[in-house]
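Below: one structure, written as structure tokens.
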Amino acid sequence: MADDLSAVARFLYEAGTLKHTRRSGWWMAGVNDPESVAEHSWRTSLIASVIAKLEGADPARAAFLAVWHDTQETRTGDVNHLGKKYATSADPQAVTADQTAGMPDVLASAIQELVAEYEAKDSPEAVCARDADKLECMLQGIEYKAQGYEAAQRWIDNSRARLTTETGKRLAEDLLGQDPLGWLRTAIGEKG
């Protein structure tokens, strides 16, 4: 391979910082040690593939979009909804262009196109990935509320209200109707 991969290697180290970058909005709900951006992005990608498959879109593409949806937060941090009122939001496409500078063109352009597609919401897969982002936040809120963080209800309600796909809305209803540990009880054969 003739292309220099040093910029790719640097980005892989940079991406690792998302494992330590906390989703800051949860602090307002009283959560002392909230999930990381990487944890959120992993489950968002999984949810995106599920929604896309059930919506008739490409699940691999939706998951691919979701994997990259918050990578810019290595440079900006996780700016919560209140913070965005006061801080000018960095353009995700501009941040991505900086992050991919020096990468082989075939890779840099692919990543930049993914982020642009996600931000534009101009494909069924992007719509599914964006719904997955909201559904994951709602799901995390349900889990935090079950742990005693009652203020998480605001995140549950706001995320649910922003869902647009039929599958996302139906999944939200099912999630709200289940105990977060119901899967475990079923798996070990407990009677409900």
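Starting from 1, each residue takes its place in the sequence as its number.
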Original post:
Are any non-hydrogen side-chain atoms of Leu65 and Arg130 less than 4.5 angstrom apart?
Top reply: no
Subject >> Those residues that, when tested against Pro124, pass side-chain contact (heavy atoms from CB on, under 4.5 Å) (two or more places apart) >> reply: Ala57
Original post:
Can you find a pair of side-chain heavy atoms, one from Val115 and one from Gln72, that are under 4.5 Å apart?
Top reply: yes
Subject >> Salt-bridge contact Arg75-Glu14 (side-chain N to carboxylate O under 4.0 Å) >> reply: yes
**OP:** Output every pair passing side chain to side chain donor-acceptor pair (under 3.5 Å) with a member in residues 105-114, not counting sequence neighbours, ordered by first then second residue.
**Re:** Thr100-Gln112
Original post:
Between OG1 of Thr167 and CD1 of Ile51, what distance do you get to the nearest 0.5 Å?
Top reply: 7.0 Å
**OP:** Look at Glu39 together with Lys19 and state whether they make a salt bridge at an N to O cut-off of under 4.0 Å.
**Re:** no
Original post:
Salt bridge or not for Asp131 and Lys169, using N-O below 4.0 Å?
Top reply: no
Original post:
Is the shortest heavy-atom distance from the side chain of Pro34 to the side chain of Tyr144 under 4.5 Å?
Top reply: yes
**OP:** State which residues pass side chain to side chain donor-acceptor pair (under 3.5 Å) with Lys134; sequence neighbours excluded, sorted by chain then number.
**Re:** none
Subject >> CE-CG distance between Met138 and Leu163, expressed to the nearest 0.5 angstrom >> reply: 7.0 Å
Original post:
Does the pair Gln153 and Asp157 meet the rule for a side chain to side chain donor-acceptor pair (under 3.5 Å), with working shown?
Top reply: CA-CA 6 Å; Gln153 186 65 50; Asp157 296 340; 2.7 Å; yes
Original post:
Heavy atoms, side chains only, cut-off 4.5 Å: are Leu176 and Ile156 in contact?
Top reply: yes
Original post:
Are the charged groups of Arg22 and Glu73 less than 4.0 angstrom apart, N to O?
Top reply: no
